[in-house]
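Indexing begins at 1, ligand by ligand and atom by atom, following the structure's order.
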Amino acid sequence: MTQVIDGKQISARIKDELKEKVAWLKEQGTEVTLAVIQVGKDPASSVYVNNKKKACEYIGIRSLSYEIPEETSEKELLELIDELNNRQDVNGILVQLPLPGHIDEEKVLDRISPLKDVDGFHPQNVGALCIGKSGFVSCTPAGIIQLLKRSGIEIAGKECVVIGRSNIVGKPMALLLLRENGTVTIAHSRTKDLKEITRRADILVAAVGRPKMITADYVKEGAVVIDVGIHRNENNKLCGDVDYDSVAPKCSAITPVPGGVGPMTIAMLMHNCVESVSLQKM
Ligand code: GUN
């Protein structure tokens, strides 16, 4: 029987654990605070930002919302970040991406204090992950590690193949699997004979960005398959990078879309907000 990894349930459990921790911190006199900045009114970003605010509310994290106009200059945005970096009562800062074209995304992300970078995008945090130091870890790959651990799936010694090399998912995913003592291969658009590589995987993480590309012939019998993709198919239904119907019967465990990796990202963002309190005390 294939184990369907329930990201909704696991993320709910994590949020409940965090709720207790936040209440305890409050008793100690610390109110965890996240500042969320959205530049412009991109509808998809508004949905994400609202979900983040709702999660904060559920857990008891104070959220400060900065919904600033599309025309905001890069300088003004950097000044706002400086102000939030300097505020003792702000633990986490999140700038929702994408930013309008006239603003240099890299410059903005680099300006957030690494100690408040709850997205885990700052080069200092990426470097810390690379050499095994403490710091914030990018939320989606951190969430995938939690899905595996909380589903009783051993990583140490396993052949892990990550398809995709983005800074947000592929690269940190590979580093985290390595930290857990997996044997890791990163495959990407220029990989030759992709199927030969993916068929070696005990744990296959698909972050390709192409709907249903990973069919059964990419997967070894009994593999664990993690699907990071989220797309709408021809019938406007959500689907992932993995062709679930053909792949699921072949796996020992698989994440569905929706309800797999997706809900974990916000749960791990909330985890990073709580973690920020101790990181800032170090
Ligand atoms: N836009 C889409 N996903 C993300 C994310 O994880 N963090 C931020 N800051 N912006 C996003």
Side-chain angles (χ1 to χ4, degrees), residues 7 11 14-15 33-56 59 61 63-68 70 72 74 77-78 80-81 84-85 90-101 103-126 129 135-147 164-173 175-176 205 207-209 226-232 238 240-241 257-258 260-276:
S11 67
I14 291 174
K15 284 194 264 185
T33 301
L34 170 67
V36 181
I37 304 173
Q38 184 184 352
V39 187
K41 287 192 159 58
D42 173 64
S45 288
S46 299
V47 172
Y48 288 130
V49 164
N50 266 329
N51 287 339
K52 289 169 188 177
K53 286 195 270 190
K54 268 193 243 163
C56 282
I59 292 166
I61 293 175
S63 69
L64 307 176
S65 184
Y66 295 85
E67 281 152 29
I68 60 178
E70 182 90 19
T72 304
E74 184 181 283
L77 178 57
L78 293 173
L80 173 58
I81 292 171
L84 295 167
N85 280 340
V90 171
N91 304 99
I93 303 170
L94 182 142
V95 178
Q96 187 64 28
L97 304 177
L99 289 168
I103 299 178
D104 181 344
E105 214 159 86
E106 195 177 325
K107 204 163 166 187
V108 168
L109 296 179
D110 287 4
R111 191 72 156 247
I112 298 171
S113 161
L115 289 172
K116 298 190 177 187
D117 165 42
V118 284
D119 261 325
F121 293 166
H122 192 285
Q124 188 173 313
N125 283 317
V126 179
L129 171 62
F136 293 110
V137 178
S138 183
C139 301
T140 301
I144 291 170
I145 296 291
Q146 285 302 311
L147 283 180
R165 54 175 157 180
S166 71
N167 289 338
I168 294 178
V169 181
K171 283 180 203 154
M173 186 74 256
L175 289 166
L176 284 173
V205 180
V208 211
I226 305 292
D227 190 350
V228 185
I230 184 143
H231 316 275
R232 286 208 179 266
L238 291 173
D241 289 347
V257 176
V261 173
M264 295 300 291
T265 302
I266 289 190
M268 296 319 288
L269 173 69
M270 298 296 107
H271 165 88
N272 282 353
C273 291
V274 175
E275 182 80 3
S276 70

Determine whether more than 12 heavy atoms belonging to other residues, nucleotides or ligands lie under 6.0 Å from atom CD of Gln124.
->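 Count not over threshold, so no.
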
Side chain to side chain, [X] and [Y], heavy atoms closer than 4.5 Å:
X	Y	value
Val274	His271	no
Met264	Thr140	no
Ile145	Val137	no

Main-chain N/O of Gly120 paired to Asn125 side chain as donor or acceptor, under 3.5 Å =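 Not a single qualifying donor-acceptor pair exists.
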
Look only at the side chain of Glu70 and the backbone of Pro100, and say whether a donor-acceptor pair between them is shorter than 3.5 Å.
->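 No: the side chain of Glu70 does not pair with the backbone of Pro100.
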
Could you give the N/O to N/O pairs under 3.5 Å linking ligand 1 and the protein, each with its distance?
{"residue": "ligand 1", "atom": "1 (N)", "partner": "Gln96", "partner atom": "NE2", "Å": "3.1"}
{"residue": "ligand 1", "atom": "1 (N)", "partner": "Leu97", "partner atom": "O", "Å": "2.9"}
{"residue": "ligand 1", "atom": "7 (N)", "partner": "Asp119", "partner atom": "OD1", "Å": "3.1"}
{"residue": "ligand 1", "atom": "7 (N)", "partner": "Asp119", "partner atom": "OD2", "Å": "3.3"}
{"residue": "ligand 1", "atom": "9 (N)", "partner": "Val95", "partner atom": "O", "Å": "2.8"}
{"residue": "ligand 1", "atom": "9 (N)", "partner": "Asp119", "partner atom": "OD2", "Å": "2.6"}
{"residue": "ligand 1", "atom": "10 (N)", "partner": "Leu97", "partner atom": "N", "Å": "3.0"}

